[in-house]
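Order of the sequence lines sets the chain letters (A, B, ...), proteins ahead of strands, with each chain counted from 1.
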Amino acid sequence: MKLAPITFLLTLTLSPFIQATPAVEELFTQYRQKGIQEFSADLGKNLYFQEFKLAGTGEIRQCADCHTPDLRAQGQHAETGKIIEPLAPSINRQRLLDIKEINKWLKRNCKWTLGRECTAQEKGNLLTFIQTQ
Amino acid sequence: MDTLTNKLYLRIPIALFTLLFFTPLFADDNSLIPSVNYPLYLNECGDCHLAYQPLFLPQAAWQRIMTTLDNHFGDNAELEEETVRNLTAYLLVHSAEHSSQKLATKLLKSTENQLIIRITELPYFKKEHDEIPARLVTDNPQVKSFSHCDKCHTKASFGNYEEDSIEIAGYGRWDD
């Protein structure tokens with residue numbers, strides 16, 4: 001295959017940018033221990049843009065409400081209007097570095113957006129998607 | 001008499017000195033309050049909203065807020081147990097009851113022992129803001145709510161709620 005060397009080179013060049021941080025690596029290990037085999041950036045992306053109807057009020061919510069559809073952009077808290085720094089690690093180096101921080105926000109934001117906690121599979125997918133950004 | 005203060009050429013500097021150094025003591029004692037300097041509170045609560053100075057609410061209100069973080073005015077603001085414990089301890093010690101500020105006394109008195117957990121619903125707060133038309137706050141897309149103190153009180157995070165630091169977002173200066 002003529003393309004093989006190019007693909008190989010591209011992978012080499014790009015791999016530093018999609019390397020999981022030690023914190024995310026540790027979380028992946030925890031999720032695998034719960035029996036999750038693989039994580040998918042595509043499914044993570046789907047979840048990020050999925051709309052959830054809130055029981056009771058019928059309000060529609062999705063991650064992008066606050067984080068915007070472009071993870072490289074600054075977001076805004078839906079209620080308080082406070083600026084949320086970009087989720088994309090390529091833009092915001094502070095992202096995905098701290099396990100406690102990641103767990104805190106995944107818990108809160110899954111509950112707010114989906115109306116329940118995310119499963120280990122969903123969290124793994126989301127993190128996989130976010131780290132490619 | 002030839003005392004120090006009677007010498008005309010000394011009067012002006014003495015007056016200026018007095019003004020410079022003692023004005024804050026005589027300023028409207030409602031609008032300057034201690035700023036928050038607890039990093040945990042600034043980080044955990046200040047991530048989403050202004051880290052409201054704890055003297056704005058009585059103990060019982062803080063207690064209620066910190067035990068219902070899973071439904072925090074419609075948002076989920078759950079925290080780890082230890083963090084909740086530390087924050088609660090800080091909030092209680094600095095609550096309205098424990099403040100020597102006149103503002104705290106007035107806010108507290110206005111509740112008439114009712115449990116009010118929204119600062120914006122405290123009778124004293126309402127009274128202080130009752131002249132402000134809706135178009136400047138609730139109907140103003142740049143402010144939206146009285147809860148967003150810092151959209152108008154530009155130095156709110158420093159505990160400065162004085163009138164000369166008020167600038168209503170999208171509108172400008174406000175004079176009472």
Side-chain angles (χ1 to χ4, degrees), chain A residues 23 26-27 30 47-48 50 52-68 74-87 92-119 122-123 126 130, chain B residues 36 39-52 56 65-87 117-121 136-154 156-157 167-171:
Chain A
E26 166 67 27
L27 285 168
Q30 291 176 15
L47 184 60
Y48 184 85
Q50 194 176 330
F52 294 90
K53 199 172 178 179
L54 201 71
T57 62
E59 193 188 331
I60 306 286
R61 290 176 176 178
Q62 58 167 317
C63 304
D65 283 349
C66 299
H67 292 291
T68 81
Q74 253 184 359
Q76 210 179 16
H77 192 286
E79 196 64 43
T80 67
K82 192 126 177 172
I83 297 293
I84 302 172
E85 296 304 335
L87 266 186
N92 181 357
R93 302 262 162 183
Q94 302 305 311
R95 288 295 181 193
L96 307 183
L97 297 183
D98 186 86
I99 291 196
K100 273 176 105 174
E101 197 72 7
I102 299 172
N103 280 336
K104 177 175 89 177
W105 288 109
L106 277 177
K107 185 178 179 186
R108 282 180 174 184
N109 293 350
C110 282
K111 281 190 170 182
W112 188 83
T113 315
L114 283 69
R116 59 166 171 83
E117 283 201 52
C118 289
T119 63
E122 288 167 333
K123 287 192 264 192
L126 270 176
I130 294 170
Chain B
V36 171
L40 189 69
Y41 183 59
L42 290 170
N43 290 335
E44 295 297 348
C45 306
D47 247 1
C48 298
H49 57 72
L50 173 75
Y52 304 106
F56 278 120
I65 287 172
M66 295 309 287
T67 49
T68 52
L69 285 177
D70 58 330
N71 182 3
H72 187 59
F73 305 105
D75 207 346
N76 185 300
E78 280 176 273
L79 289 165
E80 282 185 9
E81 232 174 86
E82 194 196 345
T83 313
V84 173
R85 242 195 333 270
N86 290 331
L87 288 174
I117 61 168
R118 273 186 194 272
I119 298 168
T120 53
E121 280 172 11
L136 297 185
V137 180
T138 38
D139 295 344
N140 177 350
Q142 291 187 54
V143 180
K144 287 205 251 182
S145 159
F146 277 105
S147 314
H148 308 153
C149 311
D150 50 349
K151 294 280 190 234
C152 304
H153 293 278
T154 55
S157 62
E167 202 171 322
I168 299 175
Y171 173 81

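At a 4.5 Å heavy-atom cutoff, the contact between B:His148 and chain A is made by side-chain atoms alone. Using a 4.5 Å cut-off between heavy atoms, B:Glu80 touches chain A through its side chain atoms alone. Within the 4.5 angstrom heavy-atom criterion, only side-chain atoms of A:Glu101, from C-beta onward, approach chain B.
Contact residues of residues 70-78 of chain B toward chain A are B:Gly74, B:Asp75, B:Asn76, B:Ala77, B:Glu78 (heavy-atom distance under 4.5 Å). For residues 79-87 of chain A, the interface with chain B (any heavy-atom pair closer than 4.5 Å) comprises A:Glu79, A:Thr80, A:Gly81, A:Lys82, sorted by residue number.
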| task | Start with the C-alpha distance between B:His49 and A:His77, add both sets of side-chain angles, then the distance that settles side chain to side chain contact (heavy atoms under 4.5 Å, CB included), and finish with yes or no. | result | CA-CA 9 Å; B:His49 57 72; A:His77 192 286; over 6 Å; no
